[in-house]
2 protein chains.
Amino acid sequence: MPDTDAPRATPAAMPIALDAMGGDHAPDEIVAGAVQAVREHGIGVLLVGEPRPLHEALSLHGASAEIPIIRAEEALAMDEGALASLRRPRSSIAVACHLVRRGDASAVVSAGSTAGIVATGKLRLRSQQGVLRPAIAVALPTLPTPTILLDAGANAEVKPETLVQFAHLGAAYAETALRIENPRVGLLTIGSEPEKGNKLVKRAHELLSAAPGLNFVGNIEGHDLLTGVVDVIVTDGFTGNVALKTMEGSVRYAFSELRETIQESRTARIGGLLQRKRIRQLHQRLDPEVHGGAVLLGLNGTVVIAHGASQAKGVSAACVLATELARHGVVNRIGERLAASHRPHRLW
Amino acid sequence: MPDTDAPRATPAAMPIALDAMGGDHAPDEIVAGAVQAVREHGIGVLLVGEPRPLHEALSLHGASAEIPIIRAEEALAMDEGALASLRRPRSSIAVACHLVRRGDASAVVSAGSTAGIVATGKLRLRSQQGVLRPAIAVALPTLPTPTILLDAGANAEVKPETLVQFAHLGAAYAETALRIENPRVGLLTIGSEPEKGNKLVKRAHELLSAAPGLNFVGNIEGHDLLTGVVDVIVTDGFTGNVALKTMEGSVRYAFSELRETIQESRTARIGGLLQRKRIRQLHQRLDPEVHGGAVLLGLNGTVVIAHGASQAKGVSAACVLATELARHGVVNRIGERLAASHRPHRLW
């Protein structure tokens, strides 16, 4: 692929298409996030949505001159799912996808309904050549580098072959946005031995073991999600979504229990006061808002799904993530990986 | 079932059959746990295993007169799975099951390999009449009462009908050992709407909604595991195992992060010292060892699977749980529920 480097270089200059109408706190917090992204991170942003409220919000930040507005008459409500995206060809998320399709933006960022973003993205950007199923990837807060988990919910039902593709999608994410070389791939199941699991993962284990171009290190289990033993965790969208929400709920639970514990005794309360700042910093690191959000991989364009409850901080983090993915050419890298994985095996 | 109450009363008097050879710290910690169960909780215990080491361990506690030893020549190694249980008819776990079968013990407790216990239990105790698949149930540390999650790993592949039976098994656990009336049952999936999920849970949702004798409250998600919104969480053994291990790993992660945070700064360290005791207490509440372990439901006898790494505390907690389940007749209650669920619907 000789033309790989050219498109890989260009997107950096291009702005992000930010869906200003999606999210619980749209448009105000979205606009505030755009201003943060532009001023603190030097990212170019196109705000997509209804011009009047966006103009008003921008002027509050004195940023009308810094951030262009692209008109979109409609918006997908947070409770609208896949079907609505078909009925709204001029929705802010559809227009944002169109900007990427046309080459006027390097990536889409939206805090709208996940189902709506996935459906609109598939419809407007289409799947990359050779991609069976686009998948949602999230970055788990492991150290020193995050661990990519996919699919986090786009495909409740998949084939073993699809899980092999997810491995390539996730590896491309790790290679580009996280600069991890030869990322270690693990298969999420219920035991370390190859024969452990359901029919889907048993077959997927065989395929992953034989797949060229993948650094497959074997099965992992639920308690490995946050230990950083692998760089990419592959699973179906049902299991991945349950695991992700269980992780978030458990961490939240541990912290709330901790708060109660601190308030129980006076001495402990003093201790709590002393370290309140530290705890808040830690809590922030585990907060989905700061990870930058989920990424819809496998389309002809980068789409970042920010948390629906995102405030300015979360929106700007999502713009940073989208810029990183686009600048380092995650879409091209996925194309390269899938092309290589389809090359016939040499027998000599 | 007129004979329901009689057997429900009797088991209380009967001792627990404790597999003394299973677990990472067998037999010493198992024996120590037996002594705790007898002396602190007034539970009758039969120690099953190799007489000589058990005699020695008991005499260290001066408990030789309090706890009888039942000879078993063999033991299942922790890494031995289902097949081994067939080759070892005289293994300590097999003999323990035999004692329950014969009516000499009210329940089995083992910290041995889960696969071995499940296989041996199915073989020696057999499934209860009408039970499609025995399941492993765990108690999640919710307040005011624990939440029962099943299947935690016995069946990686199940049918929708099996999930309905799991609901009855879990409800019987909640009714008997936890004294929860009309327990609320939730189905673990990836969205609150009935149509959310994979084929298995969509069909299971329909069946659960129509099932007589179940207080089915609908779908729940991963972040609901520790919020106590339901009393029983139904899922397949693959999803359940991933969710459970993800929960344990996430809580462990949050606490280790917390420790580091406390050690980072001097002031915070002082705070840490002040509340170290509180944190330890909290950590204990979330520690699987104190829950008493998992329960294999659906067999003609109560089987409690203690954590493989159980020390004395965990073993005695498992004996307490086994006694509670047996005393309140969980096996009979499951039989009653399944019988009722099979009664033809009245149309008038």
Side-chain angles (χ1 to χ4, degrees), chain A residues 115 141-142 153 156-157 188-191 193 196-202 221-227 235-255 257-258 260-262 264-265 267-279 281-282 285-286, chain B residues 81 115 141-142 153 156-157 188-191 196-202 221-227 235-255 257-258 260-262 264-265 267-279 281-282 285-286:
Chain A
T142 50
E157 214 90 43
L188 183 58
T189 180
I190 62 175
E193 306 83 356
K196 282 293 179 76
N198 53 21
K199 292 195 201 91
L200 172 67
V201 298
K202 284 184 213 167
E221 300 184 65
H223 44 55
D224 299 319
L225 253 64
L226 292 167
T227 55
T235 183
D236 64 275
F238 183 87
T239 309
N241 187 274
V242 168
L244 182 67
K245 287 175 176 165
T246 298
M247 185 201 91
E248 289 172 355
S250 305
V251 170
R252 209 177 301 127
Y253 172 85
F255 275 99
E257 286 295 306
L258 174 74
E260 275 178 33
T261 308
I262 286 175
E264 265 169 22
S265 83
T267 47
R269 191 153 59 244
I270 298 161
L273 293 171
L274 287 170
Q275 54 182 252
R276 189 183 289 155
K277 179 154 159 289
R278 295 265 157 187
I279 304 287
Q281 289 167 349
L282 169 58
R285 236 197 62 227
L286 303 181
Chain B
T142 51
E157 214 91 43
L188 182 58
T189 179
I190 61 176
K196 283 291 179 77
N198 54 22
K199 291 194 202 92
L200 172 67
V201 297
K202 285 184 211 167
E221 300 184 66
H223 43 57
D224 299 318
L225 254 65
L226 292 167
T227 54
T235 182
D236 65 276
F238 182 87
T239 308
N241 187 274
V242 168
L244 182 67
K245 287 175 177 166
T246 298
M247 186 201 90
E248 288 172 356
S250 304
V251 170
R252 209 178 301 129
Y253 172 85
F255 275 99
E257 287 295 307
L258 174 75
E260 276 178 32
T261 307
I262 287 175
E264 264 169 21
S265 83
T267 46
R269 192 152 59 243
I270 299 161
L273 294 171
L274 287 172
Q275 55 184 247
R276 189 182 288 155
K277 179 155 158 288
R278 296 264 158 186
I279 304 285
Q281 289 166 349
L282 169 58
R285 234 197 64 227
L286 304 180

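Naming convention: chains lettered A, B, ... in sequence-line order (proteins, then strands); numbering from 1 in each chain.
Scored by the salt bridge (charged side-chain N to carboxylate O under 4.0 Å, His left out) test, A/K196 finds A/E193 as partners (sequence neighbours excluded). Residues satisfying the salt bridge (charged side-chain N to carboxylate O under 4.0 Å, His left out) criterion with B/K245, sequence neighbours excluded, are A/E221.
When each of A/G191, A/G249, A/G222 is scored by its heavy-atom pairs under 4.5 Å with chain B, the top score falls to A/G222. Between chain A and the residues B/L226, B/T246, B/T189, the largest count of heavy-atom pairs under 4.5 Å involves B/T246. Ranked by non-hydrogen atom pairs under 4.5 Å with chain A, the options B/L200, B/L244, B/L188 are led by B/L188.
A heavy-atom distance below 4.5 Å is not found between the side chains of B/Y253 and A/S250.
Nearest heavy-atom pair across A/A156 and B/N198 is O-CB, 3.7 Å.
In this structure, chain A has a heavy atom under 4.5 Å from the side chain of B/L225, while its backbone stays farther away.
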